[in-house]
Amino acid sequence: GINAEYGASSGINAEYGASSGINAEYGELDTYGIMFAIVTLISTFLMSLAYKNVKYSLKHKIAQKRHAGVTAEVMQQVADASNDMKKTVKKEKDDRVLFKKTEVADLEATHFSIFYNNALFLFLTIILSFYVLKNFSAGANYLGSSVTSACIVAFLSTGSN
């Protein structure tokens, strides 16, 4: 077999030492575990603010752009449904259009906000981690890149679009 051919002592543990491997990779978790948790919570909070801000700023714009399409769809549904019933009141039609338009705009704004903020966060984290903070320790690199990226994304989400 392979061990007989290369000797029983060859392999990853013999090559790198018995103490390396999974235990060494997670050794920093013992040292930096609390910092990892705090940084993750701060970044999560800042990103959720950014999601909310971008969604709020986009929702009205999307609702305006989708108005004609949503109105046509709702009117078709009302026309199909009102063949069996008497005429649907104009206020009810307007309410249905408004509800559907709000629902569509909310969904699109949510999806775009998550995509945009995550893409920006990932881009900033990669730039900061691999280029700006590459000479720092792993803990400092994680802290700096994650919190700074989340702060920048949250700050940019508060600006006018």
Out of curiosity, [X] [atom1] to [Y] [atom2], how far, rounded to the nearest 0.5 Å?
X: Y51; Y: N118; atom1: OH; atom2: CG; value: 3.5 Å
X: F112; Y: E108; atom1: CZ; atom2: CD; value: 11.0 Å
X: K52; Y: S113; atom1: NZ; atom2: OG; value: 11.0 Å
X: I152; Y: L46; atom1: CD1; atom2: CG; value: 11.0 Å
X: K61; Y: K65; atom1: NZ; atom2: NZ; value: 8.0 Å
X: K100; Y: L98; atom1: NZ; atom2: CG; value: 13.0 Å

Determine the minimum heavy-atom distance between [X] and [Y], stating which atoms define it.
X: A50; Y: A154; value: CB-CA, 4.0 Å
X: M47; Y: N117; value: CE-O, 3.5 Å
X: S146; Y: V39; value: CB-CG1, 3.7 Å
X: T110; Y: D106; value: OG1-O, 2.7 Å
X: S149; Y: L128; value: OG-CD1, 3.4 Å
X: S43; Y: A150; value: CA-CB, 3.8 Å

Check whether any side-chain heavy atom of K55 sits under 4.5 Å from a side-chain heavy atom of I114, and report yes or no.
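K55 vs I114: side chains apart.
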
Does V153 reach the side chain of Y116, with side-chain heavy atoms less than 4.5 Å apart?
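No - every pair of side-chain heavy atoms lies 4.5 Å or more apart.
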
Same cluster for [X] and [Y] if Ile/Leu/Val/Met/Phe/Trp/Tyr side chains link at under 4.5 Å?
X: V147; Y: M35; result: yes
X: I127; Y: F130; result: yes
X: I126; Y: F121; result: yes
X: I42; Y: I34; result: yes
X: F123; Y: V54; result: yes

What ring-ring contact (aromatic ring centres under 6.0 Å, His included) pairs are there with at least one residue in residues 131-157, not counting sequence neighbours?
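Sorted pair list: F36-Y142.
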
Between N53 and T158, do the side chains contain an N or O donor and an N or O acceptor separated by less than 3.5 Å?
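On atom types as modelled, these side chains do not qualify, holding no pair under 3.5 Å.
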
